[in-house]
Amino acid sequence: MTETAELNTEHRHWILIGCMLAMFMAAIEVTIVATAMPTIIADLGGFSQFGWVFSIYLLTQAVSVPLYGRLADMWGRKRLLFIGVSLFLLGSILCGFAHSMAWLILFRAFQGLGAGAIMPLTSTIVADVYSPRERANVQGWLSSVWGVAAIIGPLSGAWLVQHFSWSVIFWVNVPIGAIAMLLLARFLPSREQNQATTLNLTGSCWLMICVTALLVALLQAEVLGFWLVPFLLLAVIAAWRLKQHEQRADAPLFPLEIWRSRLIVAGNIGNLIIGASMMGISAFLPTWIQGITGGTPLQAGSALAMMSIGWPLASTLSGRLMLITSYRFTAQLGALLLIAGSALLLLLRSDSSIVQAGFTAFVIGTGMGMTSTTFLVSVQNHAHYDIRGICTASIMFSRMIGSAIGTALLGAVLNLNLSLRLPQADDPMQKIMSPESRQTLSEATLHDWTGQIASSLHWVFVVSLLIALLTLWVAWIMPRQRPEVE
């Protein structure tokens, strides 16, 4: 299919709205569930398992993202997106009926399987119906969905839990998903695919084994202990077997064109780095605000929300900047903003204001929004229609894996520092984060622990800054081209 043919699509604004609604449904799910978890735990119990409510969602989503991307290139975007949205809505309905934590975790797995289609395919569909010049601006609209979800999610989640059953937070997805499917069913044309319709089952199995073993090892590192090594070894063996199989497969999951393109490889590495760097602020800035400055969860959430506001604003700006400069300049500017924001984390002190923390999060968000949008748009403009689905999916897959790696790496840095600085303390982080436990500590102990934990977190921010520096190297690989000359 030629570029001209794929752009001959009417009602593009309705298609964009449908994709934004589908993406909003998946985006708000993360924040709204986090807000309601204390109420859910109080009702269902199973506090020791609550981490899996989030981990299983991330796991099934990450495993399925590349599979959906490849299938979308083979079977068509519309069919696969409808399958994904249906799975997500089914999981949402079932989550509301869960009567134990085990059932909730199982149904969250269904949600993750659906979300694995929603995120990459909505972005791919929008890239299909807009020209290379227009994609840069339209991706900014898609990014704005995350900013809106970051603000509406916690507020609506708290309100719904207060006035209704916690089940409602899952069921609100149903009308949103239904409207999105109706719009796309009416206005998104179905296109016949010319490629073979058989999925590479062997390669898919090796990919699932590799990603599952890797994510379980990274997300459950502290719980696994010695068993961390077998999981990592299994991930390495599965990755090696996947590589061997892909080299001789007739229909590889990741076509050779992906690995032969320096731009596509750079885009994936860039998003891997962004995902890892993002955890430096997402996971540990709230910890600083609540643990070191003694702030409330609302203050921590408000400061972190500034990152979600800066991201879509910078994403929209980068779309226009690419048109008048180049991919390389825009990516380099975003990398410098990300580095500057990461450096500002090192300036945080125990008496730092929430405004300072929020400004730091905003700068980091602008850097991430500018770099991630540039990487994504450049890859989509470079990739042919027949492989655009898997290329878009690989970008988002890389960011997910990067987030898991960043969580494990930065968490290990924090735990190592705490074990060296407070070897006799029993779970000092938990005690200093809880207002009740914090009040039981003597003034001298509180002062000592706060200082040592602050120093430990500063080392986390140092490593996060080092990770952010790598984005400047990736930005240098970007071509000096503008979208309209693609």
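These numbers were taken from a predicted model, which means no experiment stands behind them.
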Atom [atom1] in [X], atom [atom2] in [Y]: separation rounded to 0.5 Å?
X: Leu272; Y: Ser394; atom1: CG; atom2: OG; answer: 11.5 Å
X: Gln380; Y: Leu376; atom1: CD; atom2: CG; answer: 4.0 Å
X: Ile125; Y: Leu81; atom1: CD1; atom2: CG; answer: 4.5 Å
X: Ile269; Y: Ile264; atom1: CD1; atom2: CD1; answer: 12.5 Å
X: Gln332; Y: Met478; atom1: CD; atom2: CE; answer: 10.5 Å
X: Leu321; Y: Thr316; atom1: CG; atom2: OG1; answer: 12.5 Å

(request) Using the side chain to side chain contact (heavy atoms under 4.5 Å, CB included) rule, take Arg388 and Arg77 through it: C-alpha gap first, then chi angles, then the decisive distance, then the call. (result) CA-CA 10 Å; Arg388 189 176 295 147; Arg77 331 291 202 211; 3.9 Å; yes
Side chains of [X] and [Y], heavy atoms from C-beta outward: is any pair under 4.5 Å?
X: Arg12; Y: Val138; answer: no
X: Met119; Y: Val65; answer: no
X: Thr122; Y: Leu142; answer: no
X: Trp14; Y: Arg186; answer: no
X: Met20; Y: Val126; answer: no
X: Ile28; Y: Val172; answer: no
X: Leu345; Y: Trp288; answer: no
X: Ile15; Y: Leu183; answer: no

Which heavy atom of [X] sits nearest a heavy atom of [Y], and at what distance?
X: Leu470; Y: Ile273; value: CB-CD1, 3.5 Å
X: Leu87; Y: Gly114; value: CB-CA, 4.0 Å
X: Ser464; Y: Ser342; value: O-OG, 4.4 Å
X: Ala98; Y: Phe107; value: CB-CD1, 4.1 Å
X: Cys391; Y: Ala383; value: SG-CB, 3.8 Å
X: Leu67; Y: Ser204; value: CD2-OG, 3.5 Å

Are the side chain of [X] and the backbone of [Y] linked by a donor-acceptor contact shorter than 3.5 Å?
X: Thr212; Y: Ile209; answer: no
X: Asn173; Y: Phe170; answer: yes
X: Ser277; Y: Ile274; answer: no
X: Thr373; Y: Met370; answer: no
X: Tyr68; Y: Gly389; answer: no
X: Ser123; Y: Pro120; answer: no
X: Ser326; Y: Arg480; answer: no

Partner residues of [X] under the side-chain hydrogen bond (donor to acceptor under 3.5 Å, both in side chains) criterion, sequence neighbours left out:
X: Ser86; result: none
X: Asn271; result: Arg399
X: Trp166; result: Asp43

(request) Could you please spell out the steps behind the side chain to side chain contact (heavy atoms under 4.5 Å, CB included) verdict for Thr360 and Leu285? (result) CA-CA 10 Å; Thr360 300; Leu285 182 62; 5.8 Å; no
(message) More than 12 heavy atoms of other residues, nucleotides or ligands under 6.0 Å from CZ of Phe82: yes or no?
(response)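 It does: Phe82 CZ has more than 12 such atoms within range.
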(message) Would you say that more than 12 heavy atoms from the other residues, nucleotides or ligands in this model lie under 6.0 Å from the CZ of Phe231, or not?
(response)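 Open.
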(request) Just grab all the side chain to side chain donor-acceptor pair (under 3.5 Å) pairs involving residues 104-121, residues at least two apart or on different chains. (result) Glu29-Arg108, Glu29-Gln111, Ser92-Gln111, Arg108-Gln111
(message) Going by side chain to side chain donor-acceptor pair (under 3.5 Å), name the pairs with one or both residues in residues 15-26, residues two or more places apart or in two chains.
(response)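 The answer is none; no pair qualifies.
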(message) Between Val379 and His382, is the side chain to side chain contact (heavy atoms under 4.5 Å, CB included) condition met? List the steps.
(response) CA-CA 5 Å; Val379 168; His382 179 75; 5.7 Å; no
(message) Which residues pass the ring-ring contact (aromatic ring centres under 6.0 Å, His included) test with Trp171, not counting sequence neighbours?
(response) Phe97
(request) Let me know which of Leu323, Thr330, Leu333 forms a side-chain contact (heavy atoms from CB on, under 4.5 Å) with Ser318. (result) Thr330
(request) Show the numbers, then the answer: is there a side chain to side chain contact (heavy atoms under 4.5 Å, CB included) between His13 and Phe187? (result) CA-CA 9 Å; His13 58 290; Phe187 297 111; over 6 Å; no
